[in-house]
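Structure first, then comments.
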Amino acid sequence: METRQQLSLPETETEEKLTIELDSNEIDSIQLAKRSLLCRIMAPKTLNKTATRNILLKAWGNQNDVQVTDLGTNTYIFTFIDTEIVKSILQAGPWFVMGFIASLQFWAPQASLNEIDYFKTSFWIQIHGLPLDTLTTSNAAKIAGKI
């Protein structure tokens, strides 16, 4: 199903407001999104793009047939041939590049890059030395709620 979206550019003192109707192919976008991961490396500096790509692909088992698109500073979209690869990568995380966490998110085709919340990511925490009788799911939830 194709839809149209309006893009409005702000007015300036010398220009009038410009509205452009953009075409969107929802079916193709949804299928592509299921095979794609948005990735932002949470680093205070710009990392080498080739090194970042190689580190992640090696960590993910040298995935073949993956398309990597640079979306700006430390931000990429990885598009795989299979949705199962995407699921396994997300489940096996967290992932790090040069000591910085790689925030991986599903791609929502309707969202712009500015709308993606990269500050939510899953990671493991180990706590040592707790008494055995406190190792419960409810206590794990309490601890997670404080972090």
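Along the sequence shown, residues carry numbers from 1.
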* Asked: Got I143 and L130 here, is their nearest side-chain heavy-atom distance under 4.5 Å?
  -> yes
* To do: Report yes or no: does R35 contribute a side-chain atom to a donor-acceptor pair with the main-chain N or O of T79 at less than 3.5 Å?
  => no
* Can you tell me how far CG of N139 sits from OG1 of T137, rounded to the nearest 0.5 angstrom? -> 9.0 Å
* **Interatomic distance, T134 atom OG1 to I127 atom CD1 [nearest 0.5 angstrom]** => 9.5 Å
* To do: Can you measure from OG1 (T69) to CZ (R53) and round to the nearest 0.5 angstrom?
  => 10.5 Å
* Any side-chain heavy-atom pair from S88 and W60 closer than 4.5 angstrom? -> no
* **Closest non-hydrogen atom pair, I85 against I81** => CD1-CG1, 4.2 Å
* **Qualifying residue for side-chain hydrogen bond (donor to acceptor under 3.5 Å, both in side chains) with K49, from D70, T73, N54, N74** => D70
* Structure fact -> For S36 and V86 the tightest heavy-atom approach is N-CG2, 4.0 Å
* Which value, rounded to the nearest 0.5 Å, describes the distance between I89 atom CD1 and L37 atom CG? -> 6.0 Å
* Hey, does L38 have a side-chain heavy atom less than 4.5 Å from the side chain of L71? -> yes
* CZ of F100 to CG of L47: how many Å apart, nearest 0.5 Å? -> 6.0 Å
* In terms of the angle between their ring planes, are F78 and Y76 parallel, tilted or perpendicular, with boundaries placed at 30° and 60°? -> tilted
* For the atom pair NZ (K87) and CZ (F106), what is the distance rounded to the nearest 0.5 Å? -> 8.0 Å
